[in-house]
Amino acid sequence: MTIRVIIVDDQAMVRAGFAALLSAQADIDVVGEAPDGRQGVQVSRTVHPDVVLMDVRMPEMDGLTAARELLSPPPGVVHRPKVLMLTTFDIDDYVYEALRAGASGFLLKDAPPADLIAAVRVVASGEALLAPSVTRRLIADFVQRRPAPRKDPALRLNGLTPRETEVLELIARGLSNQEIAGHLVLAEQTVKTHIGRVLAKLDLRDRAQAVIFAYEAGLVRPGDSD
């Protein structure tokens, strides 16, 4: 199946470079582009891409606002693409907020071309792009500067079983399904089942939101050892 992508960035050279790279892949089709968030939202709702590559800082409408509009559309708008944030900075509060809003991950603009291609495929498949260690550092850094864990997430943890809480903690520490299975001595399919229940009970969209929830609930704290 071909992955439909649009590129939203205020730098024409960046859009052209990413478009050329992605279009060269047999399974990726660049179906549109836009120079700012407002036009990005319009293009997305016209061409219905699977993945939106969204720059964080843009004129007219920044990437965070545009991501929120795409991921929490008004009544009557059914299409909701996966959003992959692009940033020049590895520590960026906008990116953290975009992940909270439902973005599937983020990528540095100077990442190797192979990483960009892989990121589009990972996000299109429904997974969150949490592999880069910088993602966890970003979340940890931002949460560390918050006054305290929010009470609401901590209370919502009460709805999880002890095993589900354990799985959520390991997700937040950056472990893959396979690593969680090995750590808990479970079948990988069983781990997937637990993760599905955690996301459903906490009303979370994906692993990215699960990581943020775990930090905000105080289940995992910045500086905790793996």
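Any value given below was found using the heavy atoms of this structure, including those in side chains, with hydrogens, waters and symmetry copies removed. Given the structure is predicted, the values throughout are model-derived calculations rather than measurements.
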Same cluster for V77 and V52 if Ile/Leu/Val/Met/Phe/Trp/Tyr side chains link at under 4.5 Å?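 They do not share one cluster, since no chain of ILVMFWY contacts under 4.5 Å joins V77 to V52.
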Under the 3.5 angstrom rule, does the side chain of [X] hit a backbone N or O of [Y] as a donor-acceptor pair?
| X | Y | result |
| --- | --- | --- |
| E69 | T65 | no |
| R38 | M61 | no |
| E164 | T161 | yes |
| R15 | D9 | yes |
| S125 | V122 | yes |

Does this structure show an ion pair linking D55 with K109, if we count only N-O contacts that are shorter than 4.0 Å?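 Salt bridge: yes.
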Please determine whether a side-chain nitrogen of the Lys or Arg among R121 and D27 lies less than 4.0 Å from a carboxylate oxygen of the Asp or Glu.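 Judged by the 4.0 Å cut-off on N to carboxylate O distance, R121 and D27 do form a salt bridge.
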From [X] atom [atom1] to [Y] atom [atom2], the distance as rounded to the nearest 0.5 Å:
| X | Y | atom1 | atom2 | value |
| --- | --- | --- | --- | --- |
| L53 | L107 | CG | CG | 8.5 Å |
| K82 | L70 | NZ | CG | 13.0 Å |
| D115 | I117 | CG | CD1 | 9.5 Å |
| F213 | D203 | CZ | CG | 10.5 Å |
| S44 | R4 | OG | CZ | 10.0 Å |

Show the nearest heavy-atom pair for residues [X] and [Y], with the distance to one decimal.
| X | Y | answer |
| --- | --- | --- |
| M85 | V83 | SD-CG1, 3.6 Å |
| A66 | M54 | CB-CE, 3.6 Å |
| H79 | P73 | O-CG, 4.4 Å |
| V211 | A172 | CG2-CA, 4.0 Å |
| L204 | A210 | CD1-CA, 3.7 Å |
| I6 | G40 | CD1-O, 3.8 Å |

Could you list the donor-acceptor pairs under 3.5 angstrom formed by side chains in residues 178-195, with sequence neighbours left out?
residue : atom : partner : partner atom : Å
E179    : OE1  : S176    : N            : 2.8
E179    : OE1  : S176    : OG           : 3.4
T193    : OG1  : Q189    : O            : 3.1

Side-chain heavy atoms of [X] within contact of [Y], under 4.5 Å:
| X | Y | value |
| --- | --- | --- |
| V167 | L160 | no |
| L219 | L168 | yes |
| V43 | T46 | no |
| D36 | D10 | no |
| V56 | D62 | no |
| T2 | I28 | no |
| V30 | S23 | yes |
| V31 | V5 | no |

Is there a side chain to side chain contact (heavy atoms under 4.5 Å, CB included) between I3 and V51? Walk through the geometry before answering. CA-CA 7 Å; I3 303 168; V51 177; 4.1 Å; yes
